[in-house]
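Lettering of chains follows the sequences in order, A, B, ..., and the numbering in each one begins at 1. Quick caveat: nothing in here was measured; it's all calculated off a predicted structure.
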Protein chains: 2
Amino acid sequence: MSRLDRSLITGLPPFQGMTPADLDRVLQQARSLRIAKDQTVFEQEGEAHSFFLLLDGHVRVVKTTPDGQQVIVRYISPGELMGIAHALGRTTYPASAVAAVDCVVLAWPGNLWPDLAGSFPSFATGTYKTVGARLQEAQARVVELATEQVEQRVAHALLRLVKQTGRKTEEGILIDFPISRQDIAEMTGTTLHTVSRLLTAWEERGLVKSGRQKVTVVEPHRLFALAEGRAEKG
Amino acid sequence: MSRLDRSLITGLPPFQGMTPADLDRVLQQARSLRIAKDQTVFEQEGEAHSFFLLLDGHVRVVKTTPDGQQVIVRYISPGELMGIAHALGRTTYPASAVAAVDCVVLAWPGNLWPDLAGSFPSFATGTYKTVGARLQEAQARVVELATEQVEQRVAHALLRLVKQTGRKTEEGILIDFPISRQDIAEMTGTTLHTVSRLLTAWEERGLVKSGRQKVTVVEPHRLFALAEGRAEKG
DNA sequence: GAGACACTTTGATCCAGCGCAAACCGCGGC
DNA sequence: GCCGCGGTTTGCGCTGGATCAAAGTGTCTC
C-alpha cells in the first residue's frame with residue numbers, strides 16, 4: 001500500500017476544517033482500493049467491517065428483497081462517504097454497493113469510527129449532515145413513490161442523476177456513467193419496458209437523447225415541468 | 001411554567017447514561033407543552049425554532065406535496081424525539097407534526113442543540129442512532145413502495161403500528177389511537193377505498209377487527225404471512 | 001468481420017387498483 | 001332522542017402499467 005497524499009481528500013465536505021496534519025493522521029488509517037466495474041464494495045447483510053470514501057468512479061447502492069427484486073437506493077459520487085453503518089450504531093450493511101465503473105475508494109476499519117468522530121468533531125458533524133441529507137432524500141422518495149405516476153418518477157430520477165453527475169456535452173447534459181433501462185426501472189419502482197417506452201416518447205418530443213446504457217437530457221426545463229406534473233402542450 | 005421532574009425523561013433512550021444532575025440541567029432548558037388533538041406541533045417549511053420530545057400521546061408526521069396530497073411519514077410514540085432538523089444541519093422542518101390525540105411534549109430551543117450535544121455526548125450519539133434508525137426505516141419503505149402490492153404494503157403498515165403502539169385486548173392487539181382508513185391510505189400510497197376493501201376482506205377471514213377509527217389485529221402471524229407475500233390457503 | 005451476448009424496442013393482452021358515485025352508519029351535540 | 005357530520009362501505013367502469021412474447025441493434029470477442 002502506497003502512502004496516500006492528503007490532497008486526495010482536502011476540501012471534501014467530511015474533512016472540511018481539518019488541518020493538514022489531521023488529514024495525514026486520518027489518511028494513515030485508511031487503505032486505498034481499486035474496485036473493478038461490477039465488483040461489490042460491500043455486501044448487504046455483511047458485517048460492517050469498514051466504511052468508505054469514494055475517490056473516483058460511481059457506485060450503485062442496491063437493496064435486494066427476499067424474493068430477489070432489486071431496488072437502487074442511490075448512486076454515490078466521488079467525495080461521498082458510503083457504508084457508514086457504524087456511525088449509525090449498526091453492525092451490518094443495509095445494502096450492497098456495486099461499482100458502476102472502475103472505482104477508487106478509501107477504506108477505514110469500522111471500529112475506528114468512534115475514535116475519528118471523537119478526535120475530529122467537524123468530521124462527525126459533517127457525516128451527520130450527510131446522514132441527515134440522505135434521510136431527507138429517502139423521505140422525499142417515499143412521497144414520490146406514494147403520490148406520483150411512473151412518468152413523473154422517472155423524470156425526477158433522471159433529473160436527480162443529471163444534477164448529481166451530469167456532464168455538459170454539445171447535445172445536452174449526459175449522465176456520466178453507463179446506466180441501463182433496467183437500472184432506471186430499479187430506481188423508480190417500474191419495469192425496463194415502461195422506462196424504454198417513456199424514453200422513446202421523450203426522445204420524439206426532443207426532451208432527451210438516449211442510447212445503449214446512455215441518457216442525455218436535452219431540455220432539463222421541459223423534463224422538470226413534466227416531473228412536476230405540469231403536462232406540456234403538444 | 002412549572003418545574004419539570006427528571007423522572008419524566010429518566011431512562012429514555014436519548015437520555016440514557018446521564019446523571020440526575022445532568023437531567024435536571026437539560027430539563028431546565030425545556031418547556032412543557034400541552035397539544036390538543038389535531039393541533040400541530042410544528043409546521044412543514046416553518047423555521048425550526050425548537051426540537052421536541054413527546055412525553056404522552058401520539059403524533060402524526062405528515063408531508064404535503066405541492067398539489068395538496070398528504071403522506072404520513074411516521075407516527076411518533078412517547079419517549080421519541082421529533083423535529084430534530086437542527087441536529088441534521090437543517091433550519092426548516094421537512095414535515096408537519098399533528099397530534100393524533102391530546103399530547104404532552106417537551107420543547108427545547110433549537111439553537112441549544114450544539115450545546116446539548118457537546119455537553120452530553122451520549123445524548124448526541126443516542127440521537128444519531130435514532131436518525132440512523134429512521135434512515136433505515138425510510139429506505140425500507142422505499143423498497144416496499146417500489147416492489148410490493150397494495151395489500152402487502154397495508155399489511156406491513158398495520159404490523160408496524162401494532163409493534164409500535166399495540167395494546168393487548170381480549171380481541172387481539174389494538175392500535176392505540178384513532179386511525180382512519182384515510183390515514184392508513186396516506187401511509188401506504190393508496191386510497192381509503194382500497195384500504196376499506198382490504199380491511200373488510202381481512203375481517204371476513206378473521207385476521208383483523210375494525211371499526212370507526214379503530215383497528216385491532218387479531219392474528220398477527222397470518223397478517224405477517226400476507227405482508228411477506230405468502231398467500232394463505234382458503 | 002462473423003457470431004454472440006446483452007441491452008433495447010415494440011406489440012398485444014390483462015388486471016390491480018383508482019376514480020367516481022351513492023348509500024350507509026356511529027357518534028357527538030343540542 | 002333526533003340531527004348532522006365525518007367516517008365507512010360498496011358497486012362499477014376505466015386505465016396505467018405490468019406481464020408475456022418476440023424481434024431488433026450496438027458492442028465486444030476471437
Side-chain angles (χ1 to χ4, degrees), chain A residues 36-38 60 65 67-72 98 100-102 144-155 157-158 175 177-205 208-216 226 229 231, chain B residues 36-38 60 67-72 98 100-102 144-155 157-158 175 177-204 208-216 226 229 231:
Chain A
K37 182 177 181 201
D38 295 330
R60 195 166 54 234
T65 64
D67 57 318
Q69 291 185 80
Q70 304 215 327
V71 176
I72 297 182
V98 181
V101 295
D102 292 350
E144 227 179 87
L145 283 160
T147 62
E148 295 179 359
Q149 309 253 106
V150 169
E151 184 171 41
Q152 301 178 54
R153 300 206 302 267
V154 174
L158 286 189
I175 292 169
F177 54 83
I179 184 166
S180 69
R181 308 290 180 264
Q182 176 70 35
D183 291 332
I184 298 174
E186 288 177 4
M187 298 179 70
T188 50
T190 180
T191 62
L192 77 164
H193 307 275
T194 299
V195 172
S196 175
R197 283 181 237 269
L198 282 173
L199 286 181
T200 23
W202 290 346
E203 187 141 12
E204 278 164 14
R205 296 209 258 153
V208 304
K209 289 207 135 219
S210 73
R212 195 191 176 77
Q213 310 222 78
K214 175 165 98 59
V215 178
T216 305
L226 228 166
Chain B
K37 181 175 182 202
D38 295 328
R60 197 167 52 234
D67 56 318
Q69 292 186 79
Q70 304 216 329
V71 176
I72 297 182
V98 182
V101 295
D102 291 350
E144 226 178 88
L145 283 160
T147 64
E148 294 179 358
Q149 309 252 103
V150 169
E151 185 172 39
Q152 300 177 54
R153 301 207 302 267
V154 174
L158 286 190
I175 293 169
F177 53 84
I179 183 166
S180 69
R181 309 291 181 264
Q182 177 70 33
D183 291 333
I184 299 174
E186 288 177 5
M187 300 180 69
T188 50
T190 180
T191 62
L192 78 163
H193 308 275
T194 298
V195 172
S196 174
R197 284 182 237 270
L198 282 173
L199 286 181
T200 23
W202 290 346
E203 186 142 10
E204 278 164 14
V208 303
K209 289 209 134 215
S210 73
R212 195 190 177 77
Q213 309 221 77
K214 173 165 101 58
V215 179
T216 305
L226 227 166

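Looking at heavy atoms from C-beta onward, V215(A) lies in side-chain contact with R181(A) at the 4.5 angstrom threshold. Using a 4.5 Å heavy-atom threshold, the side chains of L226(A) and R205(A) count as touching.
In terms of modelled atom types and a separation under 3.5 Å, the side chain of E203(B) and the main chain of S210(B) share a donor-acceptor contact. The closest donor-acceptor contact from the side chain of R153(A) to the backbone of T188(A) lies under 3.5 Å. Between the R60(A) side chain and the I72(A) main chain, no donor and acceptor come within less than 3.5 Å of each other.
Here the OG1-CD distance, from T65(A) to E148(B), works out to 8.5 Å after rounding to the nearest 0.5 Å. Separation of atoms CD (E151(A)) and CZ (R197(A)) is listed at 13.5 Å; rounding is to 0.5 Å. Atom-to-atom distance recorded for I179(B):CD1 and Q213(B):CD is 9.0 Å, nearest 0.5 angstrom. In this structure, CG in L198(A) is found 9.5 Å from CD1 in I184(A), a value given to the nearest 0.5 Å.
As rounded to whole Å, 18 Å separates atom P of dC25(C) from atom CD of Q213(B). Between the C1' atom of dG19(C) and the CG atom of L192(B) lies a distance of 11 Å, rounded to the nearest Å. Taking atom NZ of residue K37(B) and atom C1' of nucleotide dC27(C), one finds them 12 Å apart after rounding to whole Å. Distance K214(B) NZ to dG26(C) P: 12 Å, rounded to the nearest Å. Whole-Å rounding puts the E186(B) CD to dG7(D) C1' distance at 14 Å. For I179(B) and dT8(D), the CD1 to C1' distance is 15 Å, given to the nearest whole Å. Rounded to an integer number of Å, the gap from E203(A) CD to dT9(C) C1' is 12 Å. Put simply, CD on Q182(A) is 11 Å from P on dT19(D), counting in whole angstrom units.
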(request) Begin with the C-alpha distance, continue with both residues' side-chain angles, and end with the deciding distance and a verdict on side-chain contact (heavy atoms from CB on, under 4.5 Å) for L158(A) and W202(A). (result) CA-CA 12 Å; L158(A) 286 189; W202(A) 290 346; 3.7 Å; yes

(message) As a quick check of understanding, evaluate side-chain contact (heavy atoms from CB on, under 4.5 Å) for K37(A) and D102(A), giving each step before the final call.
(response) CA-CA 4 Å; K37(A) 182 177 181 201; D102(A) 292 350; 3.4 Å; yes

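For dT8(D), the OP1/OP2 oxygens have a side-chain nitrogen or oxygen of R181(B) closer than 4.0 Å. For dC18(C), one of the phosphate oxygens OP1 or OP2 lies less than 4.0 angstrom from a side-chain nitrogen or oxygen of T194(B). In this model, the phosphate group of dT9(D) is approached by a side-chain N or O of S196(B) to a distance below 4.0 Å at OP1 or OP2. Side-chain nitrogen and oxygen atoms of S180(A) include none within less than 4.0 Å of the OP1 or OP2 phosphate oxygen of dC7(C).
Residues from residues 144-155 of chain A with heavy atoms under 4.0 angstrom of DNA chain D, sorted by number: Q149(A), V150(A).
A100(B) approaches P178(B) most closely through the heavy-atom pair O-CG, 3.9 Å.
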(request) Give the B/S/- string for nucleotides 20-30 of chain D, one per nucleotide from 5' to 3', where a protein heavy atom under 4.0 Å of the base yields B, of only the sugar-phosphate yields S, and otherwise -. (result) BB----BS---

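For T191(B), the side-chain atoms get nearest to dC18(C) when compared with the rest of dC18(C), dT9(D), dT8(C).
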Distances for protein N/O vs nucleotides 28-30 of chain C N/O pairs under 3.5 angstrom?
none

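Among the protein residues, T200(A) comes within range of the sugar-phosphate backbone only, with heavy atoms under 4.0 Å from sugar or phosphate atoms but none that close to a base.
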